[in-house]
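We use all heavy atoms of the structure for the numbers below, so side chains are in, but hydrogens, waters and symmetry mates are not. Numbers here simply count residues along the sequence, with the first being 1. Counting starts at 1 for both ligands and their atoms, following the listed order.
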Amino acid sequence: MARVATCVPGEPLDAALRTAADLTVVGPEVPLVAGVVDAFRARGLRIVGPNAEAARLEGSKVFAKDFFQQRGIPTAAYTVVEDASHARMALGRFGFPVVLKADGLAAGKGVVVAHNAAEAEAALGTLNGRLVIEEFLTGEEVSFIALCDGRDALPLAASQDHKAVFDGDQGPNTGGMGAYCAAGILSEADTQMVMERVIYPTVEAMNFTGFLYAGLMITRDGPKVLEFNVRLGDPETQPLMHRMESDFVPALVAASEGKLAGQKLAWHAGPSVCVVLASAGYPGAYETGKEIRGLEMAEAKGATVFHAGTRVAHGRLETSGGRVLGVTASGADLPAAIAAAYEGVNHIEFAGVHYRRDIASKGLR
Ligand code: AMP
Ligand code: GLY
């Protein structure tokens, strides 16, 4: 961020007051769940995000599932269990595969798809406390994000994340190994259905403000909601921003003022692709402090390199996290966008780097 902005240390509210910020847009879920939006509004400051009550839609899977059920929002059949022994009793009713979800925030690592009793038992060893157990759904996953102002909602282009660590959606789930954004990821009819049955009922029920992110499974019976996030997705946002043709700021200001009605967003015709470069071992244990090289060359070739887990130390750029960089590029069509993103990737190196080689390849079929 330091390359394109001035970074301000400290608590968000203090920082906004000190810098006389005109508008604050909240990125991560933790401050939203902790009530940062409520605190800003109490001081009369403009902010884009949901209040703490609405942020529970991401902060608690049980709260979200109960909300879906009450509002008739299409989702997988589920039950809530308080501990492992209740979980074992409930598992018998679902068969395999089955999905187990920890209730609270887990940085993308609180969900296990168990294919048999042994995997379910192993999951019960790692997921503690209250769980949602739910029906396993099959289909394509789509990330659908709408900007909301408490009354109206403006959908962003649909995108697709790649959550599993290895090619072909193999291996454990991560925070996201890549994403792409292209016209036609969600049909016109499904887009309308999701707005009418998922987004608007939620905006209305909660006076929802900020980004409402529906993680969807497009099943044979139509779209069903796997989860809500209450923020822009990572890594979906990288290709979304690359593909957005409009200036985003007027829409954000309008959302913060309850004036979204009539706002529009234009998108480039060509798709955008983001490939995440991760540290060796991620999503398990990994080392940090590896020197990163080649960013200038990647950017000179047309990619935008978003930093996730990097730091400047020892007079050089180093890795500081599991997901390190999001190499993002656009093209006239999907093959061109994929080629441009991997061209950028090929110029970057750090010890142990690993990444998926099949980001956006589903879109080619
Ligand atoms: P969530 O955090 O609820 O989106 O779950 C993380 C990932 O687990 C999703 O992106 C899916 O790949 C998978 N998943 C979650 N729920 C289900 C389900 N009911 N059926 C199949 N896969 C699921
Ligand atoms: N891409 C999913 C997330 O941001 O949680």
For K101, atoms of ligand 1 separated by under 4.0 Å from a heavy atom = 3 (O), 15 (C), 16 (N)
key: Validation row: S143, L216 side chains within 4.5 angstrom (heavy atoms)   = no
ask   = Any chance the side chains of D221 and T219 put a donor and an acceptor closer than 3.5 Å?
value = no
key: H242 versus T304, side-chain donor and acceptor atoms under 3.5 Å   = yes
Contact check, side chains of F144 and M195, non-hydrogen atoms, under 4.5 Å = yes
query = Looking only at heavy atoms, is any part of V111 under 4.0 Å from ligand 1, and if so is it the side chain, the backbone, or both, or is it neither?
reply = side chain
query = So does K301 pair up with E296, basic N to acidic O under 4.0 Å?
reply = no
task = Give yes if a backbone or side-chain nitrogen or oxygen of N229 is under 3.5 Å from a nitrogen or oxygen of ligand 2, and no if not.
result = yes
ask   = What atoms of ligand 2 come closer than 4.0 angstrom to any heavy atom of D234?
value = 1 (N), 2 (C), 3 (C), 4 (O)
query = To which protein heavy atom is atom 2 (C) of ligand 2 closest, and what is the distance rounded to 0.1 Å?
reply = Y213 OH, 3.3 Å
message = Distance under 4.0 Å to a non-hydrogen atom of L226: what atoms of ligand 1 satisfy this?
response = 3 (O), 9 (C), 11 (C), 16 (N), 17 (C), 18 (C), 19 (N)
inquiry  = Could you tell me if the side chain of V230 sits less than 4.5 Å from the side chain of Y213, heavy atoms only?
reply    = no
ask   = Which one holds for T138 and ligand 1: side chain close, backbone close, both close, or neither close, with close meaning a heavy atom under 4.0 Å?
value = neither
query = If we only count heavy atoms from C-beta on, is the Y282 to R323 side-chain gap below 4.5 Å?
reply = yes
query = Of all the atoms in ligand 1, which lie at a distance below 4.0 Å from a heavy atom belonging to E134?
reply = 16 (N), 17 (C), 18 (C), 19 (N)
inquiry  = For F94 and F136, I'd like to know if the aromatic rings sit close, meaning centre-to-centre distance below 6.0 Å.
reply    = no
ask   = Of all the non-hydrogen atoms in the protein, which one sits nearest to atom 5 (O) of ligand 2, and at what distance?
value = R231 NH2, 2.8 Å
Proximal atoms of ligand 2 relative to D161 (non-hydrogen, under 4.0 Å) = 1 (N), 2 (C)
ask   = Under 4.5 Å between any side-chain heavy atoms of R293 and R316, yes or no?
value = no
message = Taking distance alone, with N or O pairs closer than 3.5 Å, would you say V113 contacts ligand 1?
response = no
message = Does the structure place the NZ or CZ of R357 under 6.0 Å from the centre of the six-membered ring of Y355, at an angle of no more than 45° from the ring's axis?
response = yes
remark   = ligand 1 to K61, heavy atom cutoff 4.0 Å, flagged ligand atoms 1 (P), 2 (O), 3 (O)
task = Number the atoms of ligand 1 from 1 as they appear, then name those within less than 4.0 Å of a heavy atom of F136, with their elements.
result = 20 (N), 21 (C)
ask   = Counting from 1, what ligand 2 atoms have a heavy atom of G233 closer than 4.0 Å?
value = 4 (O)
ask   = Does R56 make a cation-pi contact with F63 (under 6.0 Å, within 45 degrees of the axis)?
value = yes
ask   = Does K163 reach ligand 2 with a nitrogen or oxygen that is under 3.5 Å from one of the ligand's nitrogen or oxygen atoms?
value = no
ask   = Which ligand 2 atoms, with their elements, are less than 4.0 angstrom from a heavy-atom of E236?
value = 1 (N), 2 (C)
query = With atoms numbered from 1 as shown, which atoms in ligand 1 lie under 4.0 angstrom from a non-hydrogen atom of E141?
reply = 9 (C), 10 (O), 11 (C), 12 (O)
query = Does even one non-hydrogen atom of M217 get within less than 4.0 Å of ligand 1?
reply = yes
